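Just so it is clear: chains get the letters A, B, ... in the order the sequence lines come, proteins before strands, and each one is counted from 1. All values reported here derive from a predicted model rather than from experimental measurement.
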Amino acid sequence: VKRYGFVLVAALAVLSLAALRANVFGKLAPWERMAVVEFRVPRILMALMLGSGMALSGWIAQSATRNPLASPEILTVPAAASFGVMLTLWLSKGQLLSSHLLPVTAASCGIVSALGVFLCAGRRRGLDGSGLLLIGISLASLLSAGTLFIALNSPPNLYQYAIGYLTGSLARASWEYVWMLLPAWWLLMWAALLARRQVEALLFEDELVNGLGGRADISRRLALCLSAALGAVCAGVGGNFAFLGFAAPHIARRASGGVLQPLWQVAATGALLLLASDMIGQTFWRPGEVPAGIVMAVAGAPLFVLVLLRRRAIQ
Amino acid sequence: MKTGAIVWLCTLALLALCVVSLGTGTATLGAREAWNGLLGRKDNLEAYLIMREARLPRLLIALTVGSALAAAGLLTQTLFRNPLATPSVLGIGNAANLGLLLAVVLAPDLHESTAVMASFGGAAASALVIALMGAATQSKMDGDSLIVGGTMLAALEASLVVAILFFHGLSNTMLGWTLGRLTQVDWAQITLTLPPIALGLAAAFVLAPQLEAFLLGDALAASLGVRVPLVELGAMASIVVLAGAAVAAAGPVPYVGLIVPHIFTRKRVRSPRWRLAACLLGGALLTGFAELLARLTSQRQIIPLGIWTMAGGAAFFVALSLSRKERPA
């Protein structure tokens, strides 16, 4: 666990410096300084925040539902965010009033629809197990059907724009977005750190948690709300990084080897993954770039399977 | 509701759906003309062509694809003991789509039967990878790692499909390739996909009762006299055949395999074989209905079938789970 922590920190530091793509310790030409300060630094900060946020969101969802397949996706967050973006674009006919509009609608749609999932699932039975997952997947399908329907009935350039906005990408990173994201991110990460013990306790059977004086149902509800909020905030600013929320906790768990790994390692794994895929996406296909979300799915999937296999073989 | 009532209700609904689906379309035909055309009388050639060459094959394909997907979903969920496992979750559906797409892109003028074989090849390769992962992880075919690995595989294949479409400048057909398509259907396609689906369904009916024992765990199933490896292999093979054929015929239609077995739960339909039968009917109903809606709503743009399987299935499932409180088992 410790060794993995060192490797993580070292890799993050090296990558962040490399991502500046300039010798920051030496003298910088004015244009270089501008590129670094205005474009590269906010981009790195966004990658760190979004990566760690998505990773923790996925970790909470997986622990609280005790299901390794869970991710913010099952709380319908990315689907609802897409729906919000598409609907806003369609209603405003592409004439956006403010650059804050899209992230805010996406995030609030995500949170509202996650609450809808809780209401539907909670009315019927408990929130663990497949009941919640099935309702979540169903509502997500409903929402994405709605998104596609609007998309097919609107001018193609709107759809292109929405797709561009929604495939997880860091291309629009700027200080404005960083300042928008920072307070929400800080608050939610802090809440996640505080809630850590309660979430880990949910890995046991509910009877055991209740017997030890906890209240499994309530803490599960709160944990899932937290996960949804974190996921929605990240999706609103950065688009859909669903793969990250799903894979980062698994990778951290398997690479660090402990049963309960420190939370910061999960977060750092997510940040590292996102930073690395963003760099890969920027490096190839010059002068264009490949969105980090796609790089992650293509390059991350085989890597992930390898990690999975290796861990098992050692055991 | 009793099992018999469910099955009767579904059958009646399916018949009604067939009548409505055959009777509606962009061309308006009178009831008598449509009926004559359907029977193959050529006195009104236009009606004959519309019924026999467009509406009937499209309906048939929609129904068989729905049944095949629902059956494959049921088999996968039972085999892997996971309520969320479906061929598409494990990457089998996407692999079939990828195989088909590769065949179409690499050799544009190849025969349709070869394309179907490519689709089977993709599905089989993906199933093989999953089986190898199972062998390498030393666990049996169940286990969460396998499902997680399958999900990764599915994501990888899906992004490869999108990448190929993108680099070949086929972005405008992208939705069809990722959400199911039933726009060009002919009898050759039906004769190619029906036999494998029938074979897979027959195997599923034979295996259903024994697969049910898997839910107790491999050891207990073996002690009940189930030959575990044999049944596992058979179930995998029939999943591959069903999913491969369905994708070859209509593309990866989402959501059907996942949700239909959850509508006909074990509590509602107890006998394994009747449950399979109910799933067949339900899958056919869902895709048939979605196909009808897709046709009715396509005006400026062709609406892919998958949008309506997702919307219709999800609305029905959510309504069903809200309508009645489940009694604790």
Side-chain angles (χ1 to χ4, degrees), chain A residues 67-71 74 116-117 119-121 123-125 129-131 133-135 137-149 151-154 156 159-160 163 167 242-243 246-247 250 254 290 293-305 307-313 315, chain B residues 82-85 89 91 129 132-133 136-139 143-160 162-163 166 171-172 175 179 254-255 258-259 262 297-304 306-318 321-322 324-326 328:
Chain A
N67 190 315
L69 282 180
S71 72
I74 59 129
V117 176
L119 284 182
C120 285
R123 208 185 123 183
R124 183 151 173 235
R125 43 184 141 167
S130 57
L133 296 182
L134 277 172
I135 296 262
I137 293 176
S138 300
L139 281 181
S141 309
L142 207 55
L143 284 167
S144 34
T147 311
L148 287 169
F149 197 73
L152 287 172
N153 283 308
S154 58
Y159 184 53
Q160 294 286 344
I163 292 278
T167 43
F243 181 83
F246 170 68
H250 285 285
R254 289 188 158 87
V290 184
I294 290 181
V295 175
M296 212 169 340
V298 173
L303 187 84
F304 180 74
V305 171
V307 172
L308 206 85
L309 292 182
R310 225 187 104 240
R311 238 7 259 180
R312 275 304 174 98
Q315 285 170 0
Chain B
N82 191 315
L84 299 182
V89 166
V129 170
L132 283 180
M133 277 195 326
T137 53
Q138 305 274 311
S139 63
D144 296 328
S145 302
L146 206 56
I147 297 276
V148 174
T151 315
M152 297 288 105
L153 205 61
L156 175 65
E157 289 154 1
S159 49
L160 282 180
V162 172
F166 189 71
S171 314
N172 48 342
L175 277 173
L179 277 173
Y255 200 65
L258 174 70
I259 210 63
H262 285 285
T297 47
S298 299
Q299 264 145 32
R300 240 180 24 198
Q301 276 262 6
I302 289 173
I303 305 285
I307 288 187
W308 287 114
T309 54
M310 287 201 291
F316 185 72
F317 180 73
V318 171
S321 44
L322 287 183
R324 206 170 32 170
K325 282 211 168 177
E326 196 97 327

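- Residue A:Leu142 holds its CG atom at 14.0 Å from CZ of B:Phe316, rounded to the nearest 0.5 Å.
- Closest approach of A:Ser138 to B:Ala314, counting heavy atoms only: O-CB, 3.1 Å.
- Closest non-hydrogen pair, B:Ile307 versus A:Phe149, comes out as CD1-N, 4.1 Å.
- Annotation: side-chain contact (heavy atoms from CB on, under 4.5 Å) contacts of B:Ala154 (sequence neighbours excluded): B:Asn94.
- A search for side-chain hydrogen bond (donor to acceptor under 3.5 Å, both in side chains) contacts involving A:Ser144 returns nothing, not counting sequence neighbours.
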